[in-house]
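First the structure, in the form of structure tokens, and then the observations on it.
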Amino acid sequence: MCGVSDTNGQTRGAQWRPAIMPQPRMMLVVTGDDFGYCPRRNQGIVDCFQAGGISNVSLLVNACAAKEAADLAKRHNIPIGLHANLSEGIPVCQQASTLTNQHGFFHGKMGFRQALERGQLSMKQVELELRAQVRLFRELTGHLPHHMDGHQHVHVLPGVRDVFAQVLSNLKIPYTRVPVETGLHSCPALPAHLQRFYAQVEKDALDSIPVFTRYGIRWPDVYLGLSTMGQNMSVHNLQRALGHALAVGPSLATTSGGASGSHQPVVTAELMVHPGYPSQPQEGGCGEGPDDFSRSADRQHELSVLRDPALLDLYSRERVQLCAFKDI
């Protein structure tokens, strides 16, 4: 370090000056979904957070390890929101008869959608279940969710989206997720059945935007995560997805408030991820045991990629700053 001359011409030690960090181009919320699904999922998510791979979690309150997950979030100061669940396991509310099958379980990802199309679901019961899950979240964590999204994207479905937005507005939960991913249709790795499902998710999400806007609900400029789930996650694929997101640029809704407090607008984004360690047989889930995705190696693969120093270096080079919803 160079010395500095004082008024008598003598040299004194130079004072340390903090390095000026470059302004971020993107504020990125990396959300670990399905927190609470099982103890091994919880541990993987905590490990990922501590390694700087995620910055936010979304809690399944009806999952078997939800209380443990909430306690871990408190212990490690992990920003946490609610992963509202209407499709897997056992409901929280007793008054959910149209939402469940003869065994008392939710209808499942596709079963819920089919029952909705047939007009068999009570939107009043949807509202009661959503409110019950928020109450349980508050009991577990001591506060309202910082954000609220939908397990298996049920929150953007017709009819459900209106109830969901009203509940968020009434409870003053400011943020949600709008799963419309730029560049998704140019991703060659997705099999045909996933392409069809994601196309429908995108349509439902686009149709949700006027509803969420009307209720004053907010979401980041860009959503990422459909094209990078499971074995499709790699540093290369994440770099491609981030490139698409940065090319989109910030929305007027976000930049009008100045996300970074500076004059140059910053893109805000959410990356949905599912890190963890594979569930043990018969351990985990929301009342029916763990699903195939949870027992597979895909969760641990995502955990490894998210902790890869090459990905963290990519964030640094591209001036991507990980954050929580409250920071955008």
Side-chain angles (χ1 to χ4, degrees), residues 27-85 88-89 92 133-134 136-155 168 173-177 179 219-220 223-225 228-230 233 238 268-279 284-286 290 293-294 298-307 311-312 315 321-328:
M27 299 291 287
L28 178 64
V29 182
V30 184
T31 302
D33 277 5
D34 304 340
F35 200 36
Y37 197 86
C38 71
R40 285 173 60 80
R41 176 75 46 74
N42 289 350
Q43 188 58 55
I45 284 176
V46 170
D47 289 349
C48 198
F49 177 78
Q50 291 182 318
I54 62 172
S55 57
N56 187 71
V57 292
S58 204
L59 178 68
L60 283 166
V61 293
N62 72 329
C64 72
K67 184 181 187 307
E68 178 198 69
D71 291 343
L72 286 168
K74 289 179 194 175
R75 187 182 314 159
H76 298 287
N77 295 313
I78 306 174
I80 186 169
L82 175 58
H83 206 40
N85 184 5
E88 182 178 357
V92 172
Q133 291 190 19
V134 174
L136 181 52
F137 180 98
R138 192 168 193 173
E139 290 171 16
L140 292 170
T141 66
H143 59 80
L144 284 169
H146 300 314
H147 66 95
M148 184 167 158
D149 54 44
H151 185 47
Q152 299 170 340
H153 310 293
V154 295
H155 67 299
L168 265 64
I173 300 171
Y175 290 102
T176 192
R177 170 184 293 167
W219 58 93
Y223 167 83
L224 308 166
T228 54
M229 280 184 62
M233 182 177 286
L238 286 168
T268 62
E270 183 191 15
L271 170 61
M272 174 193 74
V273 297
H274 300 83
Y277 301 108
S279 299
C286 304
F293 185 28
S294 182
D298 288 0
R299 304 281 184 166
Q300 191 157 351
H301 172 75
E302 289 198 21
L303 175 60
S304 298
V305 174
L306 290 166
R307 293 190 297 185
L311 179 61
L312 304 183
Y315 291 152
Q321 181 176 324
L322 270 58
C323 66
F325 276 96
K326 63 181 175 59
D327 301 317
I328 62 173

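Because the structure is predicted, anything quoted here is derived from the model rather than measured.
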Separation of H151 NE2 from N62 CG (nearest 0.5 Å) | 8.0 Å
Distance from Q50 atom CD to I78 atom CD1, nearest 0.5 Å?
-> 7.0 Å
To the nearest 0.5 Å, how far apart are CG in L28 and CD1 in I328?
-> 10.0 Å
Taking side chain as C-beta onward, heavy atoms only, is H274 less than 4.5 Å from D298?
-> no
Could you grab the distance from atom CG of N85 to atom NE2 of H155, nearest 0.5 Å is fine?
-> 13.0 Å
Is a side-chain donor-acceptor pair under 3.5 Å present for H83 with D34?
-> yes
Least distance between heavy atoms, T31 atom then N56 atom = OG1-ND2, 3.0 Å
Quick one: closest heavy-atom pair of P275 and R41, and the distance?
-> O-CD, 3.2 Å
Distance, nearest 0.5 Å, that separates CD1 of I45 from NE2 of H76 = 12.0 Å
F35 and L60, any side-chain heavy atoms less than 4.5 Å apart | no
What are the two closest non-hydrogen atoms of A65 and P39, and how far apart are they?
-> CB-N, 3.9 Å
Does any N or O in the side chain of Q321 come within less than 3.5 Å of the main-chain N or O of M27, such that one atom is a donor and the other an acceptor?
-> no
Between L82 and I173, is a side chain to side chain contact (heavy atoms under 4.5 Å, CB included) present by the stated rule, with each step listed?
-> CA-CA 10 Å; L82 175 58; I173 300 171; over 6 Å; no
Counting N and O atoms only, with roles assigned by atom type, does the side chain of S55 sit under 3.5 Å from a partner on the main chain of V29, one being a donor and the other an acceptor?
-> no
With a 4.5 Å heavy-atom cut-off, do E139 and V61 have their side chains touching?
-> no
Heavy-atom closest pair, residues Y223 and R177 | CE1-CD, 3.6 Å
If you round to the nearest 0.5 Å, how far is CE of M233 from CZ of R299?
-> 10.5 Å
D33 side-chain N/O to V273 backbone N/O, donor-acceptor pair under 3.5 Å = no
Output, in order, the C-alpha distance, side-chain angles, deciding distance and verdict of side chain to side chain contact (heavy atoms under 4.5 Å, CB included) for Y175 and M148.
-> CA-CA 6 Å; Y175 290 102; M148 184 167 158; over 6 Å; no
Determine the minimum heavy-atom distance between V30 and G53, stating which atoms define it.
-> CG1-O, 3.5 Å
Side-chain heavy atoms of F49 within contact of V57, under 4.5 Å = no
Which pair of non-hydrogen atoms, one from P145 and one from V134, has the smallest distance, and what is that distance?
-> CD-CG1, 4.1 Å
Could you tell me whether the side chain of H147 reaches within less than 4.5 Å of the side chain of S58, counting heavy atoms only?
-> yes
Do L312 and Y315 come close enough that some side-chain heavy atom pair is under 4.5 Å?
-> yes
Determine whether T228 and V305 make a side-chain contact, defined as any pair of heavy atoms from C-beta on separated by less than 4.5 Å.
-> no
E270 vs F325 side-chain heavy atoms within contact, under 4.5 Å | yes
